Each structure stands twice: as structure tokens, then as C-alpha cells.
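Take a look at the structure below.
Source: prediction; values computed, not measured. The analysis underlying the following values was restricted to heavy atoms, covering all of them including side chains, and did not include hydrogens, waters or symmetry mates.
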Amino acid sequence: MHPDMDSLGRHLASVSGLQVRRHEPLAEHTSWGVGGPADLYVIPYTGAALASAWRGLQTSGVDYFLLGCGTNLLVSDAGVRGVVVSLYPGLGGVEVVGQRLLAMAGATLGKLCHVAAEAGLSGLECLAGIPGTVGGALYMNAGANGTCVGDLVVAVTVLDERGKRVTLAREELEFGYRSSSFCERRWCVVEAAFGLVPSDARVVHQRIYEVLQRRCERQPLGARSAGSVFKRPPGDYAGRLLEAVGAKGLRVGGAQVSRKHANFILNTGAATAADIVALIRLARRRVYERFGIWLDTEVCLAGEGMSGVAAELGTRYVSATSEPLKLSGC
Ligand SMILES: Cc1cc2nc3c(=O)[nH]c(=O)nc-3n(C[C@H](O)[C@H](O)[C@H](O)COP(=O)(O)OP(=O)(O)OC[C@H]3O[C@@H](n4cnc5c(N)ncnc54)[C@H](O)[C@@H]3O)c2cc1C
């Protein structure tokens, strides 16, 4: 454990509006249901508590990372030597202001879509069914059906590296395919404003329903997964390549490639992070041997022992102390 962890733990425990847990199993906070314990797991319930924790972390020398719903994250079985700050569920408010939706970073996209529909505001329907938070979605520039979160946001408020609250207009931010300015800068997304257009509430609800129905038809939504494991390679689809090499049904331990969608890896019950990594390696190798393409992994990696694995699999290692990985498309 980092020598400064105890004093940081005492500081965090003294911050009002902050829940601090020790040795929290991250398997309970990731959609894959895998991941060992975090030394400290922190849930802020107010913006002031988040800001105080954030400032403490910047000067502590202790490693940390931000967590949303953990739906795009593979945490090692050894867990995290440092602090995990979870903005979900404590900071999940959503407010309608005219034709804008103001959402805190820990609000789920599901809640966002629902509030927008109830208010008769259209624009977010394409995001329905993406099971993450506003913070995680902005970091990843999550999207579907040709639209990404970065296309819809008009302003984002962050805590910067010095703990200062800064509001950035859309034009000051960059978004690429599953990447954003937030991948390059050590910022904590605090809240975001989305610009929407007036519509009939029933029409918006109907569109959301249709998007969700299409997802149910194509994706194994009843099982534990992290969505698409691999990014789209230029001019092709990871799912098509994986299917062509017979990846569907491939298994390592408790991890299995979905028979419904070849780009989904499922935890069939007792998978470990090591099983999932081994299956990712196996599937990538098959695609490389047949097509000469190394698929880049979309899912971010975190925790002890994952830094080198992330570099090998072409994805991000989520940690405050690692060098940000500049990825193509960012
Ligand atoms: C069934 C299923 C379907 C999916 N479908 C899609 C899809 O269609 N399209 C798509 O793009 N993705 C999809 N995903 C992946 C995932 O849901 C998205 O990437 C989502 O946006 C991740 O949000 P999260 O809150 O879970 O982030 P997490 O997984 O918790 O974190 C992801 C990254 O964001 C960072 N982060 C989290 N919060 C903040 C913050 N406040 N400030 C700065 N950084 C932060 C984390 O440190 C981490 O690096 C799917 C996942 C599942 C399980």
C-alpha cells in the first residue's frame, strides 16, 4: 500500500458528504462482475465533497481513477492499489432548463433519455440502452447508430488538474471515435449540458422503445458483459471479423464469446479478469492470423498488473499516474 494512503484515508474520511469504504470489491461495481478490491472506494454525494476529494487526490501522490457504472472497464483480479472515486450513484441529478438538459456526471444515460422524453425533448434517443453514466460516456464518446455523446453536448464542467472548476464549450473540446479530450487531460467531468429540440413526448418515448427493441434483438443483454470489446477497424466491423474466424462460443474458464454477437464477451458465472484477458488474446490472434489485423480493444483496463496488458491489447490503462495513451481518432 502507498505510504501516503493512510493520511489520505483520514483526510477523505473527514470530508462531509463523502462515503469512504476500504477494500471494496470492484466486481460489485463493474458490469462484467469481475475485479478485485480497491484499497479505498469513495462515493461523493455533493459537488463540494467531490471537489474536496479531488483536490486531496491531486496532492497525495496516491494513484486513483474515476468510475461511472463500470460498463466499459476490466479491473484485474488483484484489484486497485489506490483510490477509486465513484460518481455513481451519488451525483446523478438531471434538470430540464428550457431546451437544455443539465446532467451531473453520475447520471445514467437511461435517466437522461427518460427525463428528456418526459419533457418532450428530442435528440438523445439514439443513446437509449447504453448502460453508463454521463461522465463515462463523455470520456469514451459513447455512441450508437451514427451519433455520439460529443455530437449532443453543448458544454461540460470539469475539475481540472489543480482542482479548479472550469466550464468548457463544445468548441473547446475534441471528440473522436471512442475518445475525447477527457482521455488526454486528467479532468473529472462534473456535469454537462445537452442541447435538444422540442418534440412530442409520446414520439420520443416511442423512438426510445424502438432503439431498445433493436438492441434486444441484436445483443445478449441478459448476460454480464461490457458491450463491444473491440473497436471497429477502419472500413470493417470487429463483429464480422470475429464471426468469420469462428469466435462465437469460444471459451476460456468462465468467459465466453457470445453466440448472439461475436464482439461481446460474457461472464457466464464465475469468470475472472484473467479469463477475459485470455479470451481477448485468443480472439484477437485468430483475427490476426486470418486477416492480418490486430483489433484494438475498446474496453479500458484498470488495476494491478493491467498496465502492460493494456499496451498489448491496444487500449487505455486507467490510472492517474500512467501516461495518457494517445490513440488514433482522438
Ligand atoms: C450491454 C452493453 C452495451 C453497450 N453498448 C454501447 C454502445 O452502444 N455504444 C458505446 O459507445 N458503448 C457501449 N457500451 C459501453 C459503455 O456502456 C459505455 O462506454 C459507457 O459510456 C461507459 O460509461 P460508464 O459510466 O460505465 O463508464 P466506466 O466504465 O465506469 O468508465 C469508463 C471510463 O470513463 C472514465 N470516467 C468515468 N466517469 C468519469 C468522469 N466523471 N470524468 C472523467 N472520466 C470518467 C473512467 O475513468 C474510465 O476510463 C455498452 C456496454 C454494455 C455493458
Check: His29 ring centroid to Tyr41 ring centroid under 6.0 Å:
yes

### Query
Do Phe230 and Trp294 have their ring centres less than 6.0 Å from each other?
no

Will you find, in the side chains of Tyr64 and Gln58, an N or O donor that is under 3.5 Å from an N or O acceptor?
yes

Under a 3.5 Å cutoff, is there a donor and acceptor pairing between the side chains of Arg21 and Gln19? yes

Here the salt bridge (charged side-chain N to carboxylate O under 4.0 Å, His left out) pairs for residues 92-106, sequence neighbours left out, are none

Can you confirm whether Tyr237 is buried at OH, in the sense that more than 12 heavy atoms of other residues, nucleotides or ligands lie under 6.0 Å from that atom? no

Item to check | Arg285, CZ: over 12 other non-hydrogen atoms inside 6.0 angstrom | outcome: no

Lys/Arg N to Asp/Glu carboxylate O, Glu298 vs Arg178, below 4.0 Å | yes

- request: Go through Ile280 and Leu282 one step at a time and tell me if the side-chain contact (heavy atoms from CB on, under 4.5 Å) criterion holds.
  value: CA-CA 5 Å; Ile280 291 174; Leu282 184 61; over 6 Å; no

**Request:** Give the cluster check for Leu112 versus Tyr88: same hydrophobic cluster or not, with ILVMFWY residues linked at side-chain heavy-atom distances below 4.5 Å.
**Result:** no

According to a 4.5 Å side-chain heavy-atom criterion applied to Ile, Leu, Val, Met, Phe, Trp and Tyr, with indirect links allowed, do Ile130 and Phe264 form part of one hydrophobic cluster? no

Residues 128-144 vs side-chain hydrogen bond (donor to acceptor under 3.5 Å, both in side chains), sequence neighbours excluded, gives none

Distance col, row Asp6:CG vs His11:NE2, nearest 0.5 angstrom, shows 14.5 Å

Distance under 6.0 Å and angle within 45° of ring axis: Arg232 vs Tyr177
yes

